[in-house]
Amino acid sequence: MATQNPTVAAPVATPKKKKEEKISNVRGIRNAFFVIIACAIAAVCIFLFAMGAPGNFEGNDPAGHPINLAGTVYKGGFIVPILMTLFLTVIVLSIERWIAISSASGKGNTTKFVSDVKADLAMNNIDAAMQRCKDQKGSVAAVIYSTLVKYKEMDANTTLSKEQKLTTLRNEVEEATALEMPALSQNLPIVATLTTLGTLVGLLGTVMGMIKSFQALATSGSPDSTELSTGISEALVNTAFGIATGAFAVISYNFFTNKIDNLTYAIDEIGFSIVATFAATHN
């Protein structure tokens with residue numbers, strides 16, 4: 001009697017999960033430490049080889065009297081390259097934040113993009129709104145796209161109540177926003193620190209320069225004019241560098257903070273519209 005071989009079921013191939021398209025394309029420097037090191041090296045090289053060049057002083061002697069602005073700045077002492085490092089760091093990080101926040105804003109005008117998406121939502125055209133997000137890119141588009149994906153999931157869900165679906169959508173907006181915001185504000189705390197640090201370091205250089213000036217005046221007999229002028233130069237140069245660093249850092253920080261606030265407002269506005277649309281179109 002022939003025996004039948006048991007039929008072995010062929011393994012069912014599970015479909016691979018489609019890789020989600022990356023909407024956000026925020027670029028930026030992850031580690032600002034290397035920026036500070038590079039700026040410090042550049043500042044020292046400029047201080048020693050450009051400002052300290054013999055041609056900037058009488059008799060081609062760096063110990064002599066400066067004959068131009070570069071030589072005068074050189075007389076500011078060792079505090080100058082420190083202040084130059086802080087100033088260059090503010091400039092580099094400001095440029096880096098400009099590039100990052102510009103990429104976060106997306107390819108088109110953010111206000112128009114939000115308006116177009118709200119119009120799509122009013123017509124319940126979710127696919128068109130998602131396509132706009134893919135075309136726009138950036139942080140706002142990434143948050144909206146993630147929320148719209150969840151919108152379609154909730155639309156097809158038949159087990160959750162309406163209030164549970166609305167709560168899920170609100171949580172999705174908050175989570176997607178929380179993922180995008182750190183990339184926008186990255187390195188801004190360093191710029192904020194430099195607003196105070198630059199001024200304080202400049203004040204330190206000013207005090208040290210005045211000490212040298214008073215030491216020159218306190219010498220017996222006639223004051224040493226070279227030492228007196230050196231001390232005054234050190235005080236004024238460091239004051240100027242400190243004020244410039246602090247002022248530029250304040251302007252940069254406030255400017256980019258305002259940019260981030262505008263993006264956050266756009267996200268909140270469209271997130272509210274998505275939740276409101278779902279509430280109005282679903283029982």
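On a predicted model such as this, the values are computed, not experimentally measured, just so you know. Values reported hereafter were calculated over all heavy atoms of this structure, with side chains retained and with hydrogens, waters and symmetry mates removed.
- The distance from the CG atom of Asp155 to the NZ atom of Lys150 is 13.5 Å, given to the nearest 0.5 Å.
- Panel note: side chain Thr196, backbone Thr193; no donor-acceptor pair is recorded below 3.5 Å.
- In this structure, the side chains of Met181 and Ile267 come closer than 4.5 Å at one or more pairs of heavy atoms.
- Atom NE2 in His65 sits 9.0 Å away from atom NZ in Lys75 (nearest 0.5 Å).
- A distance of 12.5 Å separates OG1 of Thr195 from CD1 of Ile190, quoted to the nearest 0.5 Å.
- For the pair Leu148 and Cys133, the tightest heavy-atom approach, listed with the atom from each and the gap, is CD1-SG, 4.3 Å.
- The hydrophobic clustering, which links ILVMFWY residues whose side-chain heavy atoms are closer than 4.5 Å, places Val117 and Phe272 apart.
- Counting only residues at least two apart or on different chains, the ring pair (Phe, Tyr, Trp, His ring centres under 6.0 Å) pairs with a member in residues 66-86 are Phe47-Tyr74, Phe57-Tyr74.
- Judged purely by atom type and a 3.5 angstrom limit, Asn238 has no side-chain atom pairing as donor or acceptor with the backbone of Ile79.
- Listed for the Gln186 side chain is a donor-acceptor partner under 3.5 Å among the backbone atoms of Arg30.
- Atoms CZ and CD1, on Phe256 and Ile251 in that order, are 11.5 Å from each other to the nearest 0.5 Å.
- Residue pairs meeting the side chain to side chain donor-acceptor pair (under 3.5 Å) criterion with at least one member in residues 240-262, sequence neighbours excluded, are Ser94-Ser252.
- Of all heavy-atom pairs spanning Arg97 and Leu184, the tightest one is NH1-O, 2.6 Å.
- In the model, Ser105 has no side-chain atom that pairs as donor or acceptor with a side-chain atom of Thr110 under 3.5 Å.
- The OH atom of Tyr151 sits 14.0 Å away from atom CD1 of Ile144, with the distance rounded to the nearest 0.5 Å.
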Using atom types as modelled, flag every donor-acceptor pair under 3.5 Å from a side chain in residues 121-132 to any protein atom, sequence neighbours excluded.
unit_1	atom_1	unit_2	atom_2	d
Asn125	OD1	Ala128	N	3.3
Asp127	OD1	Lys152	NZ	2.8
Gln131	NE2	Asp135	OD1	3.1
Arg132	NE	Asp120	OD2	2.5

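- Grouping the Ile, Leu, Val, Met, Phe, Trp and Tyr side chains by contacts below 4.5 angstrom, directly or via other members, places Val92 apart from Ile36.
- Looking at Lys107, its side chain never comes within 3.5 Å of a backbone N or O of Gly138 through a donor-acceptor pair.
- Pairing each heavy atom of Phe248 with each of Phe87, the nearest pair is CB-CE1, 4.4 Å.
- Side-chain atoms of Ser185 and Ile260, non-hydrogen and from C-beta on, do get closer than 4.5 Å to each other.
- What you find for Thr72 and Val237 is that their closest heavy atoms are O-CG2, 3.6 Å.
- Residue pairs meeting the side chain to side chain donor-acceptor pair (under 3.5 Å) criterion with at least one partner in residues 165-175, sequence neighbours excluded, are Ser146-Glu172.
- Under a hydrophobic-cluster definition in which Ile, Leu, Val, Met, Phe, Trp and Tyr are linked whenever side-chain heavy atoms come within less than 4.5 Å, directly or via other members, Leu200 and Val80 are assigned to different clusters.
- Among residues two or more places apart in sequence or in another chain, the salt bridge (Lys or Arg N to Asp or Glu O under 4.0 Å) test is passed with Lys162 by none.
- No donor-acceptor pair under 3.5 Å is formed between the side chain of Asn187 and the backbone N or O of Glu96.
- Criterion: ILVMFWY side-chain heavy atoms under 4.5 Å apart, direct or through other members. Under it, Ile99 and Val90 are part of a common hydrophobic cluster.
- Looking at every heavy atom in both residues, Leu83 comes nearest to Gly198 through CD2-O, 3.6 Å.
- Under the 3.5 Å distance criterion, the side-chain polar atoms of Gln136 are matched with a main-chain donor or acceptor of Gly108.
- Inter-residue side-chain proximity for Glu269 and Lys118 is flagged as met; some heavy-atom pair is nearer than 4.5 Å.
- Closest non-hydrogen pair, Met84 versus Ala43, comes out as CB-CB, 3.7 Å.
- Using a 4.5 Å heavy-atom cutoff, the side chains of Leu203 and Thr199 are not in contact.
- Residue Val250 is not grouped with residue Val191 when hydrophobic side chains (ILVMFWY) are merged at heavy-atom distances under 4.5 angstrom, including chains of intermediate members.
- In this structure the side chain of Ile270 never reaches within 4.5 angstrom of the side chain of Val173, judged on heavy atoms.
- Contacts classified as side chain to side chain donor-acceptor pair (under 3.5 Å) and involving residues 42-57 (residues at least two apart or in different chains) are given here: Asn56-Asn68.
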**Message:** Using side chain to side chain contact (heavy atoms under 4.5 Å, CB included), reason through Ile101 and Leu263 one step at a time and then give a plain yes or no.
**Reply:** CA-CA 9 Å; Ile101 294 179; Leu263 293 177; 4.3 Å; yes
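- Of the inter-residue distances, the one linking Lys134 atom NZ with Tyr145 atom OH reads 4.0 Å to the nearest 0.5 angstrom.
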